[in-house]
Amino acid sequence: MGLFDKKNCDICGEKIGLLGNRKLDDGNLCKNCASKLSPWFEERRHSTVEDIKRQLEYREKNKNAVRSFSITREFSADRYHVFIDDNKGLFAVAFNMSEQDNPDIVPLSAITSCRLDIDEQRVDEEYKDQDGESRSYVPPRYNYSYDYKIKLGVNTPWFDDMDFKLNTFSVKDHERAKMMNYEQLANQIITALTGAPAPAPVYSNGMMNQGYPQQGGMMNQGYPQQGGMMNQGYPQQGGMMNQGYPQQGGMINQGYQQQGNMMNQGYQQQGNMMNQNAPQHGTMRNQNAPQQASGDTWVCACGATNTGAFCEYCGSPKP
């Protein structure tokens, strides 16, 4: 038999056209029979003729399940729809719920996992120099785009995943309303299918971006971020967490101005120790009471240690 000789389909027996053969592990499958297989089925080349015959029998029986399917909830993405029959505990993911499309009807109990996977693409932004050559910015600038995919694991005899995209075209980083809509839709689908709150989305690039463009290396909670730590909703300068006010330096700003390396709890502090409700100078803590010193030194009521007849800081006379 020659290489280009026509073959017969081992399922229906019809002649297979020149480009119509779908190779099986131990036979051949025509294009028409292949179109009747589940759209989620991915192991055709490693299937035997007997495997395909059994699946086609299942697909015929599935038409009865489609006819009796009662849609109680429906979630619509750009192309795919998630149909749920709460009365029978069944669902389907398809373009249409019709016998002609014959979407696989799967028990909700067969779901093994469900999450949102966000694929982030990053492209260098360039400009034209004086010679008309394309150049990258220094430091580099990037344009981001996103694709939203539901990763749905199931336990069925014919397939073990039903992954599908929510969007048709990639979402640009400035289309924030679309980003929020896709994430909200994903959360609704995951909760409806699993009965549990949606887990955090998984980003295919290894970073966690909460739905908006990100510059730097940490999580952005809703606004563009420059730098390396978490922004809780306002611009941040420096290397620590900003709790709602601009921050300069290396410690946490709790809403009041801070100077030095210690935390200011609402009063001005100078030196290396904590001021407990009174001005402080030196290296010891003032406990709101005069302190007697040895030798010729004396402690003023303001807390300063002196050697002369008058306090060097407040001017009070030596007691």
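Each residue takes its place number in the sequence, starting with 1.
- The shortest heavy-atom contact between Gly20 and Ile16 is C-CG2, 3.3 Å.
- Ring planes of Tyr146 and Tyr144: parallel class, angle under 30° (limits at 30 and 60°).
- Formation of a donor-acceptor pair under 3.5 Å by the Asn28 side chain with backbone atoms of Asp10 is not found in this model.
- Contact check for Leu166 versus Lys149: no side-chain heavy atoms found under the 4.5 Å cut-off.
- In this structure, Asp124 and Pro140 approach most closely via the heavy-atom pair OD1-CB, 4.4 Å.
- For Arg59, the salt bridge (Lys or Arg N to Asp or Glu O under 4.0 Å) test picks out Asp104, with sequence neighbours left out.
- Sorted by first and then second residue, the pairs that involve residues 111-137 and meet ring-ring contact (aromatic ring centres under 6.0 Å, His included), not counting sequence neighbours, are Tyr127-Tyr137.
- Note that the NZ atom of Lys7 and the NZ atom of Lys15 stand 10.5 Å from one another [nearest 0.5 Å].
- Proximity of Val82 to Ile150: side-chain heavy atoms (C-beta onward) are nowhere separated by under 4.5 Å.
- Every residue two or more places apart in sequence or in another chain that forms a side chain to side chain donor-acceptor pair (under 3.5 Å) with Glu99 is listed here: Arg67.
- Asp163 is listed as a side-chain neighbour of Lys151, based on a closest heavy-atom distance under 4.5 Å.
- When side chains are defined from C-beta on, Glu42 counts as touching Asp161, because their heavy atoms get closer than 4.5 Å.
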Verify side-chain contact (heavy atoms from CB on, under 4.5 Å) between Leu37 and Leu56, making sure each step is shown before the conclusion. CA-CA 6 Å; Leu37 297 172; Leu56 291 178; 3.7 Å; yes
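- Between Met162 and Val106, the closest side-chain pair of non-hydrogen atoms falls below 4.5 Å.
- For the atom pair Ser47 OG and Arg22 CZ, the distance stands at 14.5 Å (nearest 0.5 Å).
- The distance from atom CZ of Arg135 to atom CD of Glu126, rounded to the nearest 0.5 Å, is 10.0 Å.
- Between Ile11 and Cys30 the shortest side-chain heavy-atom distance does not fall below 4.5 Å.
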With a cut-off of 3.5 Å and sequence neighbours excluded, list every side-chain donor-acceptor pair involving residues 188-197.
from, atom 1, to, atom 2, distance (Å)
Thr191, OG1, Asn187, O, 2.9
Thr191, OG1, Ala196, O, 3.4
Thr194, OG1, Ile190, O, 2.7
Thr194, OG1, Ala196, N, 3.3
Thr194, OG1, Ala196, O, 3.4

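- Residues forming a ring-ring contact (aromatic ring centres under 6.0 Å, His included) with Phe41 (at least two apart in sequence, or on another chain): none.
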Distance-only donor-acceptor pairs under 3.5 Å for side chains of residues 86-94, two or more places apart:
from, atom 1, to, atom 2, distance (Å)
Asp86, OD1, Arg73, NH2, 2.7
Asp86, OD2, Thr72, OG1, 2.5
Asp86, OD2, Arg73, NE, 3.0
Lys88, NZ, Ser68, O, 2.9

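- Taking hydrophobic clusters as Ile, Leu, Val, Met, Phe, Trp and Tyr residues chained together by side-chain heavy-atom distances below 4.5 Å, Tyr148 shares a cluster with Phe164.
- For the pair Leu152 and Trp40, the minimum side-chain heavy-atom distance is 4.5 Å or more.
- Using modelled atom types, one side-chain atom of Asn181 and one backbone atom of Ala177 make a donor-acceptor pair closer than 3.5 Å.
- In this structure, CD on Glu57 lies 13.5 Å from CG on Asn62, to the nearest 0.5 angstrom.
- Nearest heavy atoms, Lys318 versus Gly308: CD-O, 4.1 Å.
- With sequence neighbours excluded, no residue satisfies side chain to side chain donor-acceptor pair (under 3.5 Å) with Glu50.
- Among residues two or more places apart in sequence or in another chain, the salt bridge (Lys or Arg N to Asp or Glu O under 4.0 Å) test is passed with Asp131 by none.
- The shortest distance between side-chain heavy atoms of Ile105 and Met97 falls below 4.5 Å.
- The CG atom of Asn143 sits 5.0 Å away from the CD atom of Glu125 when rounded to the nearest 0.5 Å.
- Partners of Phe83 under the ring-ring contact (aromatic ring centres under 6.0 Å, His included) rule, at least two apart in sequence or in another chain, are His81.
- To the nearest 0.5 Å, atoms CD1 (Ile118) and OH (Tyr182) are separated by 12.5 Å.
- Under the 4.5 Å side-chain heavy-atom criterion for grouping Ile, Leu, Val, Met, Phe, Trp and Tyr, Phe75 is connected to Val154 within one hydrophobic cluster.
- Contacts of Lys53 classified as side chain to side chain donor-acceptor pair (under 3.5 Å), with partners at least two apart in sequence or in another chain: none.
- Aromatic ring pairs are classed by plane angle as parallel below 30°, tilted from 30° to 60° and perpendicular above 60°; the pair Tyr80 and Phe95 is tilted.
- Lys178 pairs with exactly one of His174, Glu175, Arg176 by the side-chain contact (heavy atoms from CB on, under 4.5 Å) rule, that one being Glu175.
- Looking at residues two or more places apart in sequence or on another chain, you find no side chain to side chain donor-acceptor pair (under 3.5 Å) involving Arg44.
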Can I get a per-line list of side-chain donor-acceptor pairs under 3.5 Å for residues 108-117, giving both atom names and the distance, sequence neighbours left out?
from, atom 1, to, atom 2, distance (Å)
Thr112, OG1, Gly153, O, 3.1

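- Around the NZ atom of Lys172, the shell of radius 6.0 Å holds no more than 12 heavy atoms that belong to other residues, nucleotides or ligands.
- Linking Ile, Leu, Val, Met, Phe, Trp and Tyr residues whenever their side-chain heavy atoms come within less than 4.5 Å places Val66 and Ile71 in a single cluster.
- Using a 4.0 Å cut-off between charged side-chain N and carboxylate O, Lys165 and Asp147 make a salt bridge.
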